[in-house]
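So the structure is just underneath, and the comments pick up after that.
Everything numeric here is computed off the predicted structure, so don't read it as measured data. When a ligand or atom number is given, it counts from 1 through the structure's own listing order.
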Amino acid sequence: MTNLAAYTDHVGLWRDQLRAWVPDDIFDAHVHLGPPEAMGKISEARTAEALTTFPSFTYEQCRDFYDGLFSTKRVVGRIAFGFPLREVNIAAANEYLAETARRDPTVHPFILADPHDIPATIDQFRQIEKTGVRFAGVKPYFDLLRIDKPNSVFHCRDIDFAPPELLAFMHDEQLALMQHTSSIGIGDPAVREFVELVATKYRGIKLILAHMGRYTEPRQFDDFFASPQIEHKNVFLEMSSASSASVYRQVLSRRDLWDRLLFGTDVPFGLITGVEHWSDTHGPVFLTRDNYVWSDAKMNAEFAAERRKLSYNTYHVIDALKTAMDELRLCEADERDLKDRIFRRNALTHILGAKG
Ligand SMILES: [Zn+2]
């Protein structure tokens, strides 16, 4: 498959720092699974967008990759959904997840929602439910709006791809919502209005803010942290892609938020070898060790030294959490308990309703 190289511990981050620290049982709350057949042709122009980096990732590829990525650990379950790109066959992508969940009950599927045909999404949910597989949540995504502009996340609102008709259905069915926010993310007041709407009007929904709500610079997270929207107990934060220790420092500073933080990798996208980075000259950039189709060659040359220190994005996410947690200086039992909440229990109990 394109762009998925064999596992490498590029800078020894897993071996030297993370392996001894990460708990033995991991629940991954953000995984994309899909076979190549479910994806249509991606045009040359679209390959310039990072979201097209991986067009597919099968259940087997994911399982095999975990063996390297989290060696000596067990991935005890995951929340999984298809690749929400405009080129995808949504029905086929959802069918693959249903089939996968039938084979492996530790895979908790979320259904991709077609923003242009919510009745079709609800209909597929019902049809698959009759076969004994129930989607635990919904994955809407801005790209499925098919807005004909680059970086179309900046040309839409959350409510456009998670419309009221879908939210009402989800409220009735008590489903979780994996929300990749629009615009700059949670620092945008309009995004926080969406959070307010879901948390108060559709209270049956468990709202998961993917990538810690998204931010282009960490201080935008501060605006959310200071807002009334963080008080809603049905709002959760999923960690993938967010590699700034400062956001975890904030969340961990409030004990009541320890139950609302979820570890997720966003594999295969979490395997992109890089991190968000604030540059005085370039503003918010995404630095990567490897060269991707969408990489900026000039910037890569300029940041050559920083890039050599990089590894898989998910490793840097864990490392940022570790930095923030180490500063808490918890006793061993409390630290073990907190890690178990973030890496396993919160998703299982608060999102999926399992016991213990
Ligand atoms: Zn994702």
Side-chain angles (χ1 to χ4, degrees), residues 1-4 26-35 38-39 42 46 49-59 61-62 65-66 69 75 77-88 90 93-94 96-97 100 107-115 135-145 151-153 156 158 161-162 176-186 191 206-216 236-243 261-276 286 288 292 294 312-318 347 351:
M1 186 176 70
T2 48
N3 288 320
L4 189 70
I26 301 170
F27 185 99
D28 187 347
H30 188 146
V31 177
H32 293 270
L33 297 178
M39 190 60 70
I42 294 173
R46 285 272 292 162
E49 301 218 40
L51 56 84
T52 65
T53 308
F54 301 100
S56 67
F57 194 49
T58 64
Y59 171 80
Q61 285 175 312
C62 181
F65 219 93
Y66 276 144
L69 195 63
V75 178
R78 57 200 128 145
I79 287 172
F81 29 85
F83 285 71
L85 305 184
R86 62 186 67 186
E87 292 84 359
V88 82
I90 294 178
N94 288 332
Y96 180 79
L97 262 299
T100 303
V107 173
H108 299 268
F110 279 24
I111 192 167
L112 291 184
D114 183 349
F135 286 94
V138 176
K139 172 68 180 172
Y141 200 63
F142 68 92
D143 199 48
L144 297 174
L145 288 167
N151 294 314
S152 66
V153 72
C156 61
D158 290 56
F161 51 97
L177 170 60
M178 180 64 78
Q179 188 72 2
H180 176 110
T181 58
S182 66
S183 169
I184 57 164
I186 204 69
V191 169
K206 282 150 281 194
L207 172 58
I208 306 170
L209 294 171
H211 319 312
M212 302 300 281
R214 292 181 62 244
Y215 51 86
T216 57
F236 296 84
L237 293 161
E238 182 273 320
M239 294 166 50
S240 65
S241 175
S243 55
L261 190 59
L262 313 170
F263 172 70
T265 61
D266 197 12
V267 287
F269 299 95
L271 303 174
I272 290 176
T273 52
V275 289
E276 64 212 22
F286 196 79
T288 59
Y292 296 89
W294 39 264
Y312 297 117
N313 177 264
T314 187
Y315 280 176
H316 294 291
V317 167
I318 298 172
I351 304 299

Near the Zn ion (ligand 1), which protein N/O/S atoms are found at less than 2.8 Å?
His30 NE2, His32 NE2, Asp266 OD1
Below 30° counts as parallel, above 60° as perpendicular, anything between as tilted: where do the rings of [X] and [Y] land?
X      : Y      : answer
Tyr292 : Trp294 : parallel
Phe269 : Phe83  : tilted
Phe161 : Phe142 : perpendicular

Once rounded to the nearest 0.5 Å, what's the spacing between atom OG1 of Thr265 and atom CZ of Phe65?
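Output value for this atom pair is 11.0 Å.
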For residues Asp266 and Thr314, determine if any side-chain heavy atom of one lies less than 4.5 Å from a side-chain heavy atom of the other.
no
Any side-chain heavy-atom pair of Arg214 and Val153 under 4.5 Å:
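Arg214 vs Val153: side chains touch.
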